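None of these values were measured; they are calculated from a predicted model. Values reported hereafter were calculated over all heavy atoms of this structure, with side chains retained and with hydrogens, waters and symmetry mates removed.
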Amino acid sequence: MTFSKLIERISEEYNIDILSQEENSEIQNVAFLDGRQNPAAKNTLYFGYDKQLAAAKSFPAHCILAGTGENILPFSPEGNAALVPENSLFSIFNDIKTLVESTRNDGIYTELTTLADETRTIESVIEAASVKLGNSLLFCDMNFKILASSDSYPVPDPLWIENTKRGYCGYEFINGVKSMQCVRNTPQTTAAAEVTCPISPYRKLASKVFHNQTQIGFLLTIEGENPFLPFHFEMLSIISHALSYTITCYTPGLFEGTGLYHDLLYEMLIGAPLRDIQPRLKKLRFPSRMQVIFLRPAKYMGQQHLNSLACKSLKTSIPGILVTCHKKGIVGIIPLDEEEDPGPGILESLKALCQKEPMQIGISNCFTDIETFVRHYDQALAALEMGQKLGSEEPVCFYQDYQIFHLLSEVKDTGRLERFCHPALSVLKQYDRENSSQLYKTLCVFIEKGCNIKLASESLYIHRNSLAYRLNRITGLCRLDLTDINTLFLLRLSYFIDRYTK
């Protein structure tokens, strides 16, 4: 209940003088001023005497003061403040305490489920619940993937700030949390429990979230500006029930597509060492030849959308694909035939999928050992990112086409790369500028086509004789021997560097 609503409810019975009324945030608790509120909780309404604040530098966000008649307030109050007769202070405290406690729990569940009916998203419920708590709030699945987090109250704990940015927790971090005694002792109910980590100064409360009588994740709130009070434990459990309602009614597909392969691949992606997952790897069957594919939609629309895309569209397009979700995209293992990588049917299906929904796709090189899965995921991700960086118009990018650019990206100072370019490129660019010619492009195409006159002339849409003339002009200007393999290699590398840096 807000300050204005509380004042409206009790003003019919008591004389109240409003000193200031600015914020209209939710009040979750009431307390007496005892000199230890430093800083004062922003969601608590404080009661005391005006003389208690005589030496104070600031007011609490919400306070009701008993006037002593001495008029000794040091400054005009900010936020919400009211003055009441001294003989009414304790009666007003008791009445407001009853109002806050009676409306807090039932009102929160109703408000959150009503919001869920209006928005049909877990994100809106988490955001509203965070405001009620007065602290940050996270919703994670059983793999510690962060499905939603609050914006109004950002995460204050450095241990979780990085997790929130990435959208998931690392394997070692997860094992560390699961090994904590307080975590192992949490009940199999929605009852909130304190799960504070000994290496972090921030207190934390967690509540399990259930769907169809199975735990699907947990809520985590981290103490920030507002210290934890008993009502926070009650409220977190209520939020868990409201979130279960939202998932059941509006996002049941959020947890589709999970299974042994899904969980194992995901653990490998977040850093699980082979020694921990080797026994499970041996029990599962993987293709004899495979490639990793990484799909990332142009616009991230939430985990449920990714699950739907992976479980329905992608599995229909590529029979036998194994998938998991990671970094706001879909990671999959494509099974390959013994002869082709991958077949034209798969490529056509992927391009058709990109026409339905804008996305970028990266595909790794072929591999045979599942233990190298993460390395080949890195290749698929690099192909996607290099394709975007270089402005590829093709939605599907193969690592073999971008491997050299991935190598060049390891050089942090790209300016240093230009010193390794063959001087012929600068000569040709200058000549083209002065003569409106295309010798730079001609040499590039000629080398790309394997120094084949027929293929190069067709690609440039010029006669073979015209190409021969240009090549003679190029070798004369730059003093090149285009039959020397080392020269051709340096020229090819120089064109790669030029494309990457420009």
Side-chain angles (χ1 to χ4, degrees), residues 291 339-342 344 347 351 360-366 378-502:
Q291 285 176 301
E339 298 180 357
E340 52 185 1
D341 319 327
L347 289 180
K351 290 180 179 179
Q360 284 287 325
I361 299 175
I363 298 181
S364 75
N365 291 337
C366 172
D378 291 337
Q379 291 183 359
L381 176 61
L384 182 151
E385 293 181 340
M386 288 296 105
Q388 288 180 328
K389 174 180 173 61
L390 299 171
S392 172
E393 297 181 356
E394 290 293 327
V396 182
C397 300
F398 289 89
Y399 184 69
Q400 61 187 13
D401 297 329
Y402 292 92
Q403 189 166 354
I404 183 64
F405 300 112
H406 190 200
L407 174 64
L408 296 176
S409 71
E410 293 297 310
V411 179
K412 302 306 178 184
D413 183 2
T414 56
R416 293 175 59 87
L417 289 172
E418 296 182 1
R419 68 181 65 181
F420 298 103
C421 283
H422 196 289
L425 270 62
S426 297
V427 173
L428 295 178
K429 281 188 280 188
Q430 182 177 351
Y431 183 87
D432 286 343
R433 283 195 299 267
E434 295 174 352
N435 298 275
S436 300
S437 56
Q438 294 188 356
L439 298 187
Y440 177 91
K441 180 180 178 181
T442 298
L443 180 60
C444 180
V445 172
F446 178 69
I447 296 174
E448 284 181 349
K449 298 302 178 181
C451 301
N452 185 300
I453 294 287
K454 180 177 182 298
L455 294 178
S457 60
E458 290 175 353
S459 181
L460 291 166
Y461 300 103
I462 61 176
H463 194 273
R464 293 166 59 123
N465 292 340
S466 298
L467 176 59
Y469 170 80
R470 291 187 186 181
L471 291 176
N472 287 333
R473 189 67 181 140
I474 290 169
T475 55
L477 284 170
C478 305
R479 298 181 180 180
L480 294 174
D481 179 4
L482 296 181
T483 63
D484 179 63
I485 190 170
N486 290 326
T487 299
L488 291 173
F489 171 77
L490 290 174
L491 288 170
R492 181 71 167 141
L493 177 62
S494 299
Y495 275 110
F496 280 132
I497 292 174
D498 239 16
R499 183 181 174 193
Y500 181 76
T501 57
K502 297 297 191 297

| field | Quiz item: cation-pi between Lys389 and Tyr402, 6.0 Å / 45° | value | no
| Closest approach of Asn452 to Leu455 (non-hydrogen atoms, all atoms of both residues) | OD1-N, 2.9 Å
| Euclidean distance, Tyr431 OH relative to Ser436 OG, rounded to 0.5 Å | 10.5 Å
| field | Side-chain donor-acceptor pair present, Thr442, Arg470, cut-off under 3.5 Å | value | yes
| request: Assess the side chains of Thr483 and Asp481: does a donor N or O sit below 3.5 Å from an acceptor N or O? | output: yes
| Which atom pair, heavy atoms only, marks the closest approach of Leu384 to Gln360? | CD1-O, 3.3 Å
| Would you call Lys429-Glu434 a salt bridge at under 4.0 Å N-O? | no
| said: Donor-acceptor check, side chain of Ser494 to backbone of His422, threshold 3.5 angstrom: yes or no? | reply: yes
| note | Sequence neighbours excluded, the answer for ring-ring contact (aromatic ring centres under 6.0 Å, His included) partners of Phe446 is none
| said: Quick check against the 3.5 Å criterion: does Ser459 have a side-chain atom that pairs as donor or acceptor with the backbone of Ala456? | reply: no
| When rounded to the nearest 0.5 angstrom, what distance separates CG in Asp498 from SG in Cys444? | 9.0 Å
| said: The criterion is side chain to side chain donor-acceptor pair (under 3.5 Å); which residues satisfy it with Asp484, sequence neighbours excluded? | reply: Thr487
| task | May I ask you to check whether Tyr495 and Tyr500 place their ring centers less than 6.0 Å from one another? | result | no
| side chain to side chain donor-acceptor pair (under 3.5 Å) partners for Glu448, two or more places apart | none
| query | Is the backbone N or O of Ile363 less than 3.5 Å from a side-chain atom of Gln291, with the two atoms forming a donor-acceptor pair by type? | reply | no
| message | Quick check against the 3.5 Å criterion: does Asp432 have a side-chain atom that pairs as donor or acceptor with the backbone of Tyr440? | response | yes
| note | Separation between NE2 (His406) and CG (Asp401), nearest 0.5 Å, reads 14.5 Å
| field | Short side-chain to backbone donor-acceptor contact, Ser392 and Gln388, under 3.5 Å | value | no
| said: Does Lys454, at its NZ atom, have more than 12 non-hydrogen atoms belonging to other residues, nucleotides or ligands within less than 6.0 Å? | reply: no
| When you measure from the side chain of Thr475 to the backbone N and O of Leu471, does any donor-acceptor pair fall under 3.5 Å? | yes
| message | If I compare all heavy atoms of Gly362 with all of Ala383, which pair ends up nearest, and what's the gap? | response | CA-CB, 4.2 Å
